[in-house]
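Quick note on labels: first sequence line is chain A, next is B, and so on, each numbered from 1. All values reported here derive from a predicted model rather than from experimental measurement.
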Amino acid sequence: MTPLICEMVLSSITGMLHCTAGRAVLGLCVSRQLAPWLSSLRSSTSKVVQVSPGKENEVLVENLTVLGVDIKMARRRQPGVLRKVITNEQGLARFLQAKGASREVVASIISRYPRAITRSHHHLEERWRLWRNVFKRDDEIVKILERSPESFFRSSDNANLEKNIAFLWSLGLTSKDLHRLLTTAPRTFSNSAELNRQMVELLQDICVSLGGTDPEQFIKRIISRNVYILIRSTKRVKANVEFLRGALRLSDAELLHLLQGHGADILDLSSEYIKRNFRSAEQKLRSLGCCQEGVKKFIILYPPALYISPENLKNKIDCLLEGGVDIEQILEKPRVLDFSAETVRSRLRVLEKAGYDFKKQGIAILDSSRKRFEAKLEKLSEQPEE
DNA sequence: ACAACCGGGCTCTGCCATCTCC
DNA sequence: GGAGATGGCAGAGCCCGGTTGT
C-alpha cells in the first residue's frame with residue numbers, strides 16, 4: 001500500500017472517530033484492536049487524534065507499562081504523547097528489536113523520548129536508511145539511539161535529514177568525518193539544514209574577514225577538530241571569536257592561525273565560561289609573577305587551558321609547583337596540563353623517589369603517555385645518578 | 001636513539017524556550 | 001490552547017602514539 005492510500009484510509013477512520021459521540025471510548029477500542037494495524041498504515045504526517053482533553057490513553061499507558069517504559073519519566077518529559085489515541089509503540093518496539101535493540105533499550109528510549117512512539121513504520125524505515133548512509137552496521141545506530149534517543153526521533157522531517165547529509169558531503173568532509181560527526185554529535189543531523197548552513201557561512205565569513213584564502217579548508221578543519229561546532233549557536237561562536245580577539249589582542253593572522261589549531265577546540269564553550277576561565281587563569285598566572293604578555297603567550301600556545309575549570313587549573317598548577325616544577329617550565333610546556341591532577345601527582349611522587357631533578361632534566365617526562373613514561377623511568381633506574 | 005612536536009581518539013545529553021501549525 | 005518542531009543552553013578533559021628533528 002502506498003503512503004497516500006494509507007493516509008486516505010487513516011483519515012477516513014479518523015473522520016469516523018471525530019463523528020462519533022463516544023469518541024474516547026471508541027478511541028480506546030481502536031487502540032486495543034486496531035492499533036497494530038493502524039500503526040502500520042500511519043504515516044508521519046497523519047492527523048493527531050486525542051482522547052478527551054487532559055486524559056491519558058489508558059490502553060496506551062498499559063501497553064507502555066508492558067514494554068517496561070518508565071511511565072513517570074515519560075509523563076514528565078512529554079505528557080501530551082500519553083494522551084494520544086493512535087501511536088506506534090508496538091511497531092517501534094518491533095522495529096528497534098529487529099535492529100538489535102534489547103527490550104531494556106527500547107524501554108529506555110521510549111521513557112526518555114516518548115514522542116518516538118508517534119513515528120510511523122514508514123518514517124522509521126526511511127530514517128534508518130538515511131542513517132545507514134553514514135553507518136555500516138545497525139548496531140552502531142542502536143548504540144547512538146540508546147545514548148541519545150532525542151537525536152534520532154526529535155524531527156519528523158526525513159527530507160531535511162537527507163538535505164543535511166548532502167550538505168555536509170558537499171563541504172568536502174570525508175566519510176570518516178561524517179561518521180564521527182554523527183556518532184559524537186548526532187544532534188547535528190536533526191538540526192535544520194538551514195541552521196547548519198548558517199554556521200558554515202559564519203565560519204566562512206570569519207575566515208575571509210581574517211584574510212584567509214581557503215575558507216573551504218578552514219571549515220573542514222574547524223568541523224573535524226571540533227565536531228560539536230554545528231550544534232552550537234552562531235551567536236556563541238561569534239561571541240567567542242570576538243572574545244579571543246579582544247582578550248588576547250590578536251592580529252587577524254594570529255587569530256586565523258589560532259582558530260585553525262587548538263582554538264577550534266574551545267570555540268564552542270559557553271561564552272561566559274570562556275571569559276570566567278580566562279580571568280581565572282590570568283589571575284593565577286599573574287599571582288605567580290607572570291606578566292600580561294606571558295599570559296597571552298600561554299593561552300595562544302595552549303588554548304585548551306580555557307577548557308579547564310578554574311579550580312582544576314589552579315589545582316594542577318599548584319601540584320606541579322609543589323612537586324618542584326617552575327612556573328616558567330609550565331608556561332613553556334603547557335601540555336603537561338593535559339594530564340589529570342591525579343596522574344601528575346602520582347608521577348611527581350614516583351620521580352621524587354627516583355631523585356629526578358626538574359631543574360636539570362626538564363619536565364618533558366611528565367608530558368608523555370603512560371607507556372613512554374614508564375619506559376623513561378626504567379631507563380632512569382638503569383642509569384643511577386652520578 | 002631519543003626528545004620534541006603535534007594530531008587526533010574517546011566524547012555530549014537532557015532540558016527549557018519559542019516558534020508554528022492545527 | 002496544545003502538541004510538535006526546532007533552537008539553544010549548561011556542564012566542563014585526558015590520554016596515546018606517529019612523525020619529525022637532532
When you check the phosphate oxygens OP1 and OP2 of [N], does a side-chain N or O of [X] lie under 4.0 Å from one of them?
X      : N      : result
A:K316 : C:dG13 : no
A:S368 : C:dC16 : no
A:N191 : C:dA5  : no
A:S270 : C:dA10 : yes
A:R370 : C:dC15 : no
A:K235 : C:dC9  : yes
A:S156 : C:dA5  : yes
A:R154 : C:dG4  : no
A:R77  : B:dC15 : yes
A:K176 : B:dG9  : yes
A:S309 : C:dG13 : yes
A:S148 : B:dT13 : yes

**Message:** Please report the interatomic distance OH(A:Y273) to OH(A:Y307), rounded to the nearest 0.5 Å.
**Reply:**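 The distance works out to 8.5 Å.
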**Request:** Working to the nearest 0.5 Å, report the span between CD of A:E125 and CZ of A:F95.
**Result:** 5.0 Å
**Complete:** By nearest-nucleotide position on DNA chain B, the 5'-leaning member of A:G261 and A:R112 is A:G261
**Message:** Strictly below 4.0 Å, N to O, side chains only: are A:K275 and A:E272 in salt-bridge contact?
**Reply:**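 Salt bridge present between A:K275 and A:E272.
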**Message:** Below 30° counts as parallel, above 60° as perpendicular, anything between as tilted: where do the rings of A:F153 and A:Y113 land?
**Reply:** parallel
Could you state the atom-to-atom distance from [atom1] of [X] to [atom2] of [N] in whole Å?
X      : N      : atom1 : atom2 : result
A:L313 : C:dC14 : CG    : P     : 11 Å
A:Q198 : C:dT6  : CD    : P     : 14 Å
A:F339 : C:dG17 : CZ    : P     : 11 Å
A:Y113 : B:dC16 : OH    : P     : 13 Å
A:H123 : C:dA5  : NE2   : C1'   : 12 Å
A:Y273 : C:dA10 : OH    : C1'   : 11 Å
A:E332 : B:dA3  : CD    : C1'   : 15 Å
A:L181 : B:dC12 : CG    : P     : 15 Å

Just call it for [X]: base, sugar-phosphate, or nothing, with non-hydrogen atoms closer than 4.0 Å on any strand.
X      : value
A:T184 : base
A:A185 : nothing
A:D367 : nothing
A:N277 : nothing
A:R232 : base
A:R236 : base
A:R115 : base
A:P186 : sugar-phosphate
A:S192 : sugar-phosphate
A:T343 : sugar-phosphate
A:R76  : sugar-phosphate

Can you identify which nucleotide, out of [options], has its nearest atom closest to the [X] side chain?
X      : options               : answer
A:S233 : C:dC16, C:dG4, C:dC9  : C:dC9
A:E150 : C:dG8, C:dC16, B:dG9  : C:dG8
A:S340 : C:dC14, B:dG14, C:dC9 : C:dC14
A:K376 : B:dA3, C:dA5, C:dG13  : B:dA3

**Request:** Apply salt bridge (charged side-chain N to carboxylate O under 4.0 Å, His left out) to A:K220 and A:D177, showing your working.
**Result:** CA-CA 9 Å; A:K220 276 196 278 183; A:D177 288 331; over 6 Å; no
**Message:** Checking salt bridge (charged side-chain N to carboxylate O under 4.0 Å, His left out) between A:D139 and each of A:R137, A:K143, A:K136, which is the one that passes?
**Reply:**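 The passing option is A:R137.
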Between the side-chain atoms of [X] and the base atoms of [N], is any donor-acceptor pair under 3.5 Å?
X      : N      : result
A:R187 : B:dG14 : yes
A:R335 : B:dG7  : yes
A:R372 : C:dG18 : yes
A:R221 : B:dG7  : no
A:D338 : C:dC15 : yes

**Asked** B:dT11 and C:dG11: how far apart are their P atoms, nearest whole angstrom?
**Response** 23 Å
**Request:** Once you apply the 3.5 Å cut-off to both distances, tell me the Watson-Crick or G-U wobble partner of C:dA12, or none.
**Result:** none
**Item:** Who pairs with B:dT11 - Watson-Crick or G-U, where each distance is under 3.5 Å
**Value:**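 Base partner found: none.
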**Message:** Should A:Y228 be counted as stacked on B:dC12, where stacking needs a ring-centre gap under 5.5 Å and an angle between planes under 30 degrees?
**Reply:**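 The ring of A:Y228 is stacked on B:dC12.
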**Exercise: identify the closest heavy-atom pair between A:R75 and A:E56** =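 It is NE-OE2, 2.7 Å.
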**Item:** Test item: side-chain donor near acceptor, A:E89 and A:T87, under 3.5 Å
**Value:**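 Yes.
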**Donor-acceptor side-chain pairing of A:H262 and A:R225 below 3.5 angstrom** = yes
